[in-house]
Structure formats: C-alpha cells, structure tokens
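Taking it in order: structure first as structure tokens, then the write-up.
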Amino acid sequence: MTVNNTRPITPELVAEHGLNEEEYARIVELTDREPTFTELGIWSAMWNEHCSYKSSKRWLKTLPTEGPRVVHGPGENAGVVSIGDGDVVVFKMESHNHPSYIEPYQGAATGVGGILRDVFTMGARPIATMNALRFGEPDHPKTRHLVSGVVAGVGGYGNSFGVPCVGGEVNFHPRYNGNILVNAFAAGIAKEDGIYISKAEGVGLPVVYLGAKTGRDGVGGATMASAEFDDSIDDKRPTVQVGDPFTEKCLLEACLELMETGAVIAIQDMGAAGLTCSAVEMGAKGDLGIKLNLDDVPVRETAMTAYEMMLSESQERMLMVLRPQKEDEANAIFVKWGLDFAIVGETTNTLRFEVFHQGEKVADLPIKELGDEAPEYDRPWVEPGKHSPMERHLFAPPDDYNAALIKLIGSPDLASRRWVWEQYDTMIQGNTLLRPGGDAGVVRVDGHPCKALAFSSDVTPRYVEADPYEGGKQAVAECYRNLIATGAEPLATTDNLNFGNPEKPEIMGQFVAAIRGIGEACEALKMPIVSGNVSLYNETSNANGGGEAILPTPTIAAVGLIEDHACMARIGTADEGDALFLVGTEAEHLAQTLYQREILGEETGPAPEVDLKMERARGDFVLAAIRSGYASACHDISDGGLAIALAEMCLASDCGADCEIDITYPHAALFGEDQARYIVAVDHEWANMFAANSEGSGVSFARIGTVTAAGAGARLKINDLVDVAVADLREAHEAWFPDFMGQTALAEAAE
Amino acid sequence: MKTTIIQFPGSNRDRDMIAAISLISGQSPALAWHTNTALPDSDLIIIPGGFSHGDYLRSGAIAARAPVMDAVRNAADKGVRILGVCNGFQTLTEAGLLPGALMRNAGLTFVCKNVMLEVANNTNPFTARYAQGEVIRCPVAHHDGNYFADPATLQQIEDNGQVAFRYAESTNPNGSQNNIAGIFNAAGNVLGMMPHPENLVEPAHGGTDGRRLFEGALNMIETQFALGAA
Amino acid sequence: MPTYNATVTVRLKNGVLDPQGKAIEGALGSLGFDGVEQVRQGKTFDVVLDATTEDAAKESLNAMCEKLLANTVIEDYAVEVAG
Amino acid sequence: MPTYNATVTVRLKNGVLDPQGKAIEGALGSLGFDGVEQVRQGKTFDVVLDATTEDAAKESLNAMCEKLLANTVIEDYAVEVAG
Ligand SMILES: Nc1ncnc2c1ncn2[C@@H]1O[C@H](COP(=O)(O)OP(=O)(O)O)[C@@H](O)[C@H]1O
Ligand SMILES: [Mg+2]
C-alpha cells in the first residue's frame with residue numbers, strides 16, 4: 001500500500017501541488033535529491049500560502065506587534081496579552097472561507113473548532129467567540145442557503161463546546177456572491193505562567209498523538225490523481241471535514257488537566273496539513289529532529305497511505321511532547337475522557353524530519369528548512385489610486401427623512417442580527433455582561449471581583465475597496481471605538497486579512513496599503529497586533545474566465561480591558577431625561593456611506609478619512625467619562641451616521657429622543673459617516689459638568705438633545721427633519737432578517 | 001444541605017451550576033463522574049446543562065444510560081431531591097425519571113434568549129419561594145426543548161399539578177405542549193426544566209430570580225408537600 | 001463468528017409531532033414541489049456486528065433498540081439483517 | 001392523481017466522519033453489547049405524495065433529494081416508492 005510513495009514526480013504532479021518550477025528546484029536542492037511522493041506532499045503543505053505566508057510575510061513584518069502587555073505576539077498558536085494579576089487573555093482569529101462555501105454547516109463548524117483549538121492548545125480556557133461573516137447579495141440564489149448553514153454551523157459547534165458568542169459581523173455584497181467569508185475569533189484566559197507553546201525541548205522524548213482518529217478528511221486533490229495507483233478509488237476520495245464538538249470539548253478538558261499535572265513539554269494542535277505542520281513546527285522551533293512512525297497513528301479508515309496521513313486535515317487532534325515520568329497520569333486522563341492517544345514518535349538531535357510507514361522510511365527531510373526556509377515573495381504591487389473628494393452638495397437629500405431613516409435601519413447591513421445571534425449561546429459560563437446587539441461584547445474575568453474583557457470585530461469593506469489605506473485605518477478605529485464605547489481600554493488586536501489573488505499587482509497593492517493603514521492605526525491607538533491570519537485568492541471566476549476578487553476585507557478584532565465593570569457603559573441603558581451629547585463634529589462625508597448606497601443607489605467616491613490623533617483624543621475622553629460614571633449610555637457612530645446611531649440607541653434602550661441639533665447641511669449631518677464620533681447619554685444632573693469637562697479636554701462636542709419616555713409612544717425627533725415612532729423603527733429593524741430567511745432557514749435547519 | 005452535581009463528558013453548564021450553588025449555599029457541591037456507581041449522600045442532586053456525549057443519537061439519551069444514573073434513580077426513589085436543567089431535563093426524561101420527551105424546537109434552530117416563566121405550582125420545595133402564578137424572566141439555551149407527552153400522560157401531569165413552570169406572555173421558544181417549561185415527577189421530588197435558573201443568580205446576570213429555586217431546594221423543609229392542590 | 005450487516009430504522013410513533021417533517025413539508029412546498037401530503041423524518045442505523053447466527057444478531061439488535069437506539073416513549077423501530 | 005408512499009434514505013458518504021455513529025458504538029459497548037464493529041447513522045424521510053405515475057413520483061423525489069433532503073456534498077441518497 002505504500003506504492004503511492006514510489007510515484008514518479010512529474011511536472012504535472014508538482015504543479016498539482018501548487019509549486020512552481022523555482023520552488024520545486026529549491027525543494028530538490030534542500031532535499032538533496034528528488035523528493036518521494038510523500039515528501040513532495042510535505043513540502044507543498046509547508047510551502048503553500050496558508051502555512052508559509054509566502055506572499056504576505058514581508059508585509060506582516062511591518063505591523064506593530066509589541067507593547068508593555070504583550071506576552072506572546074504573532075508566531076504562536078494565538079496572541080497572549082497580560083490583563084494583570086498574573087492573568088493573560090489568549091486570542092486569535094482565523095478564516096474558513098472556502099470550506100464554508102463548499103459545505104456551509106461543516107465549514108463554519110470546523111472553522112470555530114480550529115480557532116478554539118488554537119486558544120486552548122496554549123493552556124487557556126476559552127471564554128468568548130465572535131464570528132465575522134460576509135455573504136453575497138441577499139437575492140443571490142445561494143445566499144440564504146449559505147447564511148443558514150454557516151450560522152447553524154457556528155452555533156452547532158460553539159454551543160456544544162460551551163463558549164459564549166459575544167459578537168461578530170454580518171454583511172451582504174455582490175462581490176461575495178461566489179466567495180463568502182467566515183472569520184472566527186476565539187479568546188481564552190490563562191495564568192501567565194501557565195502558557196504552553198509548540199517549541200519542543202529534550203531529545204529522545206515521546207511524541208504523543210491525542211484526539212480523534214485520522215481519516216482522509218480534506219486531503220488535497222492531489223491524492224485523487226494518486227488514486228490511479230490504487231484499486232479502491234471510491235473509498236479514497238478526499239472528504240469534507242466534519243466537526244465533532246463533543247470530542248473537542250473532551251480534548252479541552254483533557255489538555256487542561258494534563259497541563260495541570262506538569263506532563264506537557266510542548267503542544268501543537270493539528271490544523272491545516274495536520275500531522276506535517278504540527279510535527280515540523282515542534283521540531284523546527286525547538287532545534288530538534290522528529291521521528292514519526294505512522295503505523296502507530298490512530299486511523300479510522302483502512303489502507304491509508306503515508307501521504308494521506310501526513311496531509312490529512314481530520315479535526316480535533318493534538319500533538320504533544322510529554323514528560324515520560326508522567327506517562328501514567330497522562331494515560332489516566334486520556335482514558336477518563338475517552339480520547340484516542342498513541343506515542344507516534346520521538347524527538348531526536350538530528351534536525352531531520354523522518355517518517356516511517358510499514359517498515360519503510362517514506363520521508364527524511366531537513367526540519368529547519370521545512371519550517372523556516374519557505375519562499376518569501378515580494379510580489380509586484382501598484383499603489384491604489386485615490387478618489388478625488390466629493391463635496392456634500394453633490395449628494396441629493398432624501399425626499400422624506402423619516403422614510404429614509406426607516407429604510408436604512410431596515411436595510412440588509414443595518415438590520416438587527418438577532419436572527420443570527422439568538423442561535424448562539426451567548427450566556428453560558430455565566431459571565432456575559434454585554435451580549436451581541438450593542439457595540440462590543442463584554443465578559444467578566446471569571447473569579448475576579450470587578451474585571452471584564454470587551455471584544456469587537458470590525459471592518460468596512462466598501463471603504464477598503466475605495467481606499468485600502470484609509471479603510472485599513474478605519475477598521476482598527478471602529479474596533480477601537482466599539483471597545484471604548486463600553487468603557488474598555490483597548491489592549492491588543494488580531495487580524496484576518498481576506499483579499500483576492502496576490503499575483504495581481506492591484507490586489508497586492510490593496511493588501512500593502514491596507515496593512516500600512518492598519519499598522520499606523522494600531523500604533524497610534526496603542527493596540528498592537530498579537531496574532532492573525534491571511535486568506536488570499538478569494539476570487540469568483542466570472543463569465544469571461546477571469547476572477548473577480550472579493551471586496552478587500554481585513555477583519556480586525558480587538559480585546560479591551562474593563563478594570564471595574566461597575567462603571568462600564570452600554571448602548572441600552574439610556575434613561576428618560578438624560579442629556580444626549582455628540583462627541584465629535586457635524587458630519588460632512590457622504591461618499592461610500594450606506595445613505596449613498598441604500599437611498600441614492602450608488603457606491604462611489606472616497607472613503608471617509610481617519611484622523612488617528614483625533615480618534616485617540618476623543619477615545620481617551622469618552623473612556624475617562626465612562627470610567628468616572630458620567631455615561632448612562634454610550635454608542636459609537638459608524639455605518640449610517642448620527643441618525644442611525646441615535647435610532648440604535650433608542651431601540652436598545654427602548655426610549656425616545658428629542659434632538660435639536662445645530663447643523664448647516666441636514667442630510668450630511670444626519671447620515672454622513674465621518675469618523676471618531678460617539679453619542680453619550682448623561683444624567684441631566686451631570687450634563688453641565690460633562691460639558692465643562694469636554695471644554696476642558698478640548699474635544700469637540702455638542703449637546704444634541706434629551707432622552708424621552710420609553711414605551712409605546714416613544715418617538716425619535718431630530719429638528720424638523722425626523723419624527724418617527726420608535727416602534728416603526730423597531731419593526732423595520734427586526735423584520736428584515738427573519739423575513740429574508742423565512743422558510744429556507746427552517747428547511748436547512750432540518751438537515 | 002449537601003449538593004452533588006453529576007458530570008458527563010460534554011456537560012458544559014456544570015461550571016455555571018457549581019458557581020451558582022457555591023454562591024447561594026456557601027458550600028461547594030460534590031461532583032460525581034458519569035461512571036460512578038455510588039453517590040456521596042446528598043440532599044440535592046443536580047444534572048446540569050450541556051451536550052452530554054455530544055447529545056448524539058438523542059439529547060441526553062446516552063447519558064441517561066450511564067452507570068451513575070442507577071444511583072440517581074435509587075436516590076430519587078428514596079425521595080432525594082433531583083434537579084435536571086436543560087440537558088439534565090432531557091436526561092431525566094430519557095431515563096424515565098420524568099414523563100414525556102423533549103423534541104427538536106418547533107423553529108428547528110438552537111435558541112438562546114430570555115423568556116418569561118410562570119410559576120405553575122408553588123406547593124413544592126423547588127418552587128415554594130415563588131408566588132403561585134408569579135412571572136419571572138429567565139434565560140433559555142437549547143435545541144431540543146419542545147416538550148411532548150401523549151394526551152393521557154399530559155392530562156395526568158396537568159391533573160397532578162406536575163407542571164412547575166410554563167412559558168408566559170407568549171414567549172414559548174420551542175413549541176412545548178401547554179407551554180410546559182418544567183415538570184415534577186409524580187412524587188414531587190424530581191424537577192426537570194429547560195430554562196437556566198443558574199444563569200440568573202447575581203446582579204451581573206441581570207437578575208437574581210433564579211436564586212429562589214435553589215434556596216427552596218436547599219433549605220431543610222421536612223413537611224411533605226401535597227401536590228395537585230395547585 | 002460470522003459478521004452481519006444490519007439496518008435499524010427508527011420512526012416517530014403516529015401522533016407524535018415531528019417538527020422537522022413539518023418544516024420539510026413546508027420547504028418542499030415553497031421549492032415548488034406540489035402534491036407532497038406528508039413528510040415524517042426518521043433515523044437509520046447501519047450496524048456491522050458479529051453474531052453466532054442471524055437470529056442471534058436480530059435478537060441483540062432488538063435489545064439495542066429497546067435499551068438505546070429508540071426512545072420507545074415516542075419512537076418505533078424495525079430491524080433488518082442482510083446477512 | 002394516485003398517491004404514493006415513499007421512503008427516502010440519506011446516508012453519509014463513505015469516509016465522511018460520523019461522530020454520532022462513533023458515540024453510539026461506544027455507548028453500545030459500555031451497555032455490554034459486544035461484537036458491534038461499526039455503526040453509521042443516517043436519516044429516513046417517509047413521504048406521502050401525489051404523482052401521475054410511479055416514475056413521476058420517483059423523479060420528483062430524486063429532485064427533492066438533490067434540492068433539499070440530502071446534502072450531496074457529504075451524503076448519498078436512495079429513493080424507494082411503495083406505490
Ligand atoms: N455573526 C454575528 N454573531 C454575533 N453577533 C453579531 C454577529 N453579527 C453582528 N453581531 C452583533 O450585532 C451588533 C451590531 O453589529 P454591527 O452593526 O457590526 O456593530 P458595530 O456597527 O458596532 O460594529 C453587534 O453587537 C455585533 O456584535
Ligand atoms: Mg459600534
């Protein structure tokens with residue numbers, strides 16, 4: 001059955017493995033001979049874009065990754081940031097775009113499973129997840145099916161595993177018609193001295209396999225070609241990965257118990273190209289060789305070849321180096337949790353990656369080169385062009401402000417996501433202080449009297465498309481604002497950079513400019529990047545054979561620290577009589593706004609610009625105001641502008657608002673999407689004090705109105721422009737998603 | 001009063017329950033693994049929420065057949081108070097300790113939200129701290145909470161006053177018959193409910209109405225409560 | 001000991017409501033399939049087991065259904081052994 | 001138009017992980033059923049439908065599977081019409 005390994009290496013086969021000629025030449029040089037079939041698979045797995053970041057590395061290096069609180073930056077399974085008292089928060093975001101398009105439920109589910117594994121592999125117990133989702137236009141025939149499958153999959157995995165979902169995003173745009181985005185975020189908490197990494201230490205130590213059995217899940221198309229050398233082709237067809245949250249939950253508990261015993265020297269989860277990447281990483285990082293015997297790998301299918309075992313992406317698997325003295329304790333734990341485990345190899349001092357199967361050595365490669373010498377490209381790129389400014393007078397006002405407001409609040413990108421997040425367990429673990437539906441999600445630090453963590457995920461792809469640099473800055477800035485709006489100090493950031501084909505200079509140009517913007521913003525807002533993920537080649541092949549790229553979508557997720565959740569802020573706690581303040585100035589920017597898209601039916605012009613100094617100044621001010629107890633409610637102003645933000649606050653707080661705003665250009669002021677702005681509701685007794693403070697701190701602000709009575713009669717009034725029943729806003733806001741999904745959702749869920 | 005919490009592989013609201021019991025009773029509960037054949041002597045045994053054994057096959061089905069359930073059954077026969085929440089409720093029905101079954105939610109999706117609960121029978125230690133007919137807000141989080149029993153059984157449950165809680169103010173999240181959210185066994189010492197009182201026991205939860213259920217279950221009330229007089 | 005391939009089918013009892021079946025009925029309708037009068041969803045278990053005889057296999061499969069595979073409060077079952 | 005009783009059986013494709021089946025195997029084992037080598041769980045749909053002919057019924061049932069009843073990425077299906 002190892003016949004596969006003697007398969008001749010043809011140029012076609014090399015190409016099938018996504019390797020170009022220079023890459024293959026380099027491989028032959030490093031291997032010091034022609035690689036075997038299995039070795040070719042191993043090289044291709046280590047050198048593909050996903051594992052090697054060969055197109056993006058050069059630019060990722062430019063991101064700020066350090067800060068006083070950063071314990072582990074990029075390079076480990078997840079970023080690690082100190083939150084004081086010896087505690088750390090461990091978090092990362094990762095994409096599962098393509099699998100979710102092929103099989104939405106399992107694709108999304110295994111995406112969530114993968115990111116949770118990244119977090120608990122480091123010794124952290126997961127405490128929160130988020131999911132950033134992008135789908136094609138609502139009317140596209142595939143969209144409903146994908147939405148219901150993805151949402152059910154995210155929930156199906158996270159709910160069973162037992163971690164609350166506290167936030168995310170859902171956007172719709174034709175540019176995702178053939179290539180949806182599923183970006184999953186997870187965060188966990190650990191003790192700083194209880195963090196585990198993949199770097200192996202010590203020679204002659206057992207390499208232990210733990211978790212689910214290995215099948216042919218996700219083994220690349222190349223195996224199909226290799227199947228011609230096999231009799232039973234049908235059984236060897238590569239299969240879609242299926243998630244098993246139950247096994248993952250057992251794996252979590254087993255790993256944490258194992259770490260408690262002190263048995264773990266190094267640990268690495270098996271993600272993409274599972275056994276290959278995890279084993280090589282452990283060895284390369286530890287300057288050790290690794291010897292694997294595939295005959296000892298627990299398999300769930302017969303006649304698996306070495307190639308298949310090395311490239312299998314079966315889920316819920318871990319690789320560890322354990323202290324031999326602790327073997328009995330370890331065994332007891334694995335048995336207790338009913339997990340398959342086996343000693344599949346050992347560490348060596350040879351710096352070679354040696355793989356044996358059925359008595360034959362099927363691979364013998366230099367481990368450092370596998371790990372570290374992947375090609376790194378400086379792909380050609382062109383600086384994206386700038387749109388010339390579009391003055392506000394170029395945009396028609398609405399015929400009817402009330403109608404416009406109701407249309408916007410009920411539009412696909414602004415309608416309530418309740419239909420989505422009510423399918424996620426948002427309360428499990430009993431620490432959720434702020435569920436989805438506001439700005440950031442907030443979770444208490446378990447066991448700590450007053451600390452809490454805030455989480456938000458943001459990017460506005462239409463801005464990034466219009467101006468990758470400003471759009472990159474804006475993604476970070478909006479994330480920052482969402483954290484600030486709950487009273488959290490932004491700590492650190494993770495990113496999930498979703499772009500098209502990097503071999504196209506204009507796409508690479510988007511990537512480069514977006515990273516420049518993200519880097520500057522993270523620097524200025526003191527939220528270093530501690531982990532991340534890059535997803536390239538997100539394109540839909542269009543009629544004329546070419547590929548149309550998705551909107552450039554660098555999703556930014558960040559974590560903030562609330563020192564005392566007794567004085568945090570929410571969007572939904574405004575009280576009758578509160579004074580409403582706008583922190584910021586009158587909006588002027590209407591290009592690329594939802595007003596332009598939904599009301600005027602255009603998507604043109606430049607993105608709003610982000611003044612990072614101003615973001616910081618206003619953010620600091622709002623944070624201070626919240627922490628000193630001024631804000632009875634707070635909400636940042638983003639999509640849809642001031643009017644939408646006011647409407648969202650009225651809906652969340654179930655109140656009305658009476659606003660007299662001093663404005664010069666109504667529809668720009670109400671719907672413009674200028675950045676660095678917040679709405680703060682302040683108890684009227686404190687209103688003057690708050691105003692005085694704003695004066696003092698030099699941030700621009702305006703007192704714009706008063707919160708009015710809750711209940712049936714509640715109305716949102718803005719000057720002589722807007723006067724709508726909050727009930728009508730709610731109707732439009734809540735109706736869209738359920739109406740859109742309707743029967744389909746039921747049918748899909750039945751599967 | 002001594003509390004024991006049963007843990008199955010896949011239980012995931014066990015930690016919430018441990019926290020709630022510790023907070024309310026000031027004592028940390030004993031824990032019993034699903035393979036145990038004996039239980040520490042307890043006044044209250046709790047089967048917590050989660051996805052025991054992944055809820056594969058049917059929710060609670062595999063858990064209901066675990067060795068520890070014989071011990072639970074014996075305790076129930078002796079009159080020890082048993083509380084099953086969510087997956088615990090499903091497990092108790094699968095084990096035959098409570099009548100009926102919990103089917104897939106009528107909407108077919110997992111649902112996590114706050115619902116309104118009416119106390120349908122407060123003549124029982126579990127519910128004694130609530131007023132008859134009192135309506136409280138309480139979270140639910142489940143995929144299979146749609147209570148079903150055949151007409152005869154349903155009639156019996158109603159006649160015996162075995163309905164402990166009903167979804168109120170048209171917040172029935174799962175299509176349960178008669179808006180049933182929680183039921184007692186005929187003897188009144190076993191309570192199963194889908195909602196999560198353990199996630200409603202401190203101000204940070206947005207309310208503390210769940211406390212009274214545990215306070216009722218945990219205090220030493222020797223008098224046998226007459227059922228049926230609901 | 002010979003090996004048998006068996007299929008166990010578990011169906012909801014008549015009168016037990018079937019939310020999934022109902023939803024699928026509706027969905028099929030909205031997908032334009034007319035003439036669908038009823039859909040009831042059930043489960044199958046394809047079991048490979050060793051047993052001394054086919055009858056022994058049947059017997060233990062019935063026991064499996066009673067003990068685990070079916071919830072006899074709401075479900076009926078049928079066992080088929082291919083041999 | 002005559003009415004047909006049909007049964008659609010949906011099974012996971014070969015090699016696709018079946019966590020449910022795996023869990024059931026384990027449970028049967030600990031309940032003392034030895035000799036169970038494998039369990040794979042599938043779905044059945046009992047469909048009552050009106051169609052002009054048996055072939056017409058089969059045809060529309062196949063269409064239902066492709067469109068809704070089966071997830072053909074990971075599942076195979078079989079249609080049986082009792083008539
Ligand atoms: N996929 C999702 N899962 C969970 N929560 C979501 C999801 N999508 C949106 N939300 C929540 O809905 C609310 C509104 O989303 P959004 O408009 O993106 O917020 P913001 O404009 O403040 O970034 C937020 O609380 C967000 O966390
Ligand atoms: Mg916001």
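Letters go in sequence order (proteins before strands), and every chain restarts at 1.
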Heavy-atom pair count under 4.5 Å with chain B, highest-scoring of C/V10, C/V16, C/I74:
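Greatest number of close heavy-atom pairs with chain B: C/V16.
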
Checking the side chain of B/R65 only, and the main-chain atoms of C/K67 only, is there a donor and an acceptor separated by less than 3.5 Å?
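Side chain of B/R65 to backbone of C/K67: a pair is present.
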
Value rounded to 0.5 Å, distance of CG in C/N71 from CD in B/E94
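The distance works out to 4.5 Å.
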
For the atom pair CZ (B/R58) and NZ (C/K43), what is the distance rounded to the nearest 0.5 Å?
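Atom-to-atom, B/R58:CZ and C/K43:NZ are 5.5 Å apart.
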
Could I get the full list of salt bridge (Lys or Arg N to Asp or Glu O under 4.0 Å) partners for C/D18, not counting sequence neighbours?
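C/D18: no salt bridge (Lys or Arg N to Asp or Glu O under 4.0 Å) contacts found.
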
Pick from B/L108, B/D144, B/N174: which one makes a side chain to side chain contact (heavy atoms under 4.5 Å, CB included) with C/P19?
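Exactly one pass, corresponding to B/L108.
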
Counting only heavy atoms from other residues, nucleotides and ligands, does the tally under 6.0 Å from [atom1] of [X] exceed 12?
{"X": "C/E66", "atom1": "CD", "answer": "yes"}
{"X": "C/E59", "atom1": "CD", "answer": "no"}
{"X": "B/R15", "atom1": "CZ", "answer": "no"}

Intermediate values then yes/no, side chain to side chain contact (heavy atoms under 4.5 Å, CB included), B/F148 and C/L12
CA-CA 12 Å; B/F148 172 87; C/L12 287 171; over 6 Å; no

For the student: nearest non-hydrogen atoms of C/L69 and B/L57, plus distance
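Scanning both residues, the minimum pair turns out to be O-CD1, 4.0 Å.
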
Quick one: what part of B/D150 sits under 4.5 Å from any heavy atom of chain C, side chain, backbone, both or neither?
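Contact with chain C is absent: no heavy atom of B/D150 under 4.5 Å.
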
Does the side chain of B/T93 come within less than 4.5 Å of C/V73's, by heavy atoms?
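Answer no - side chains too far apart.
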
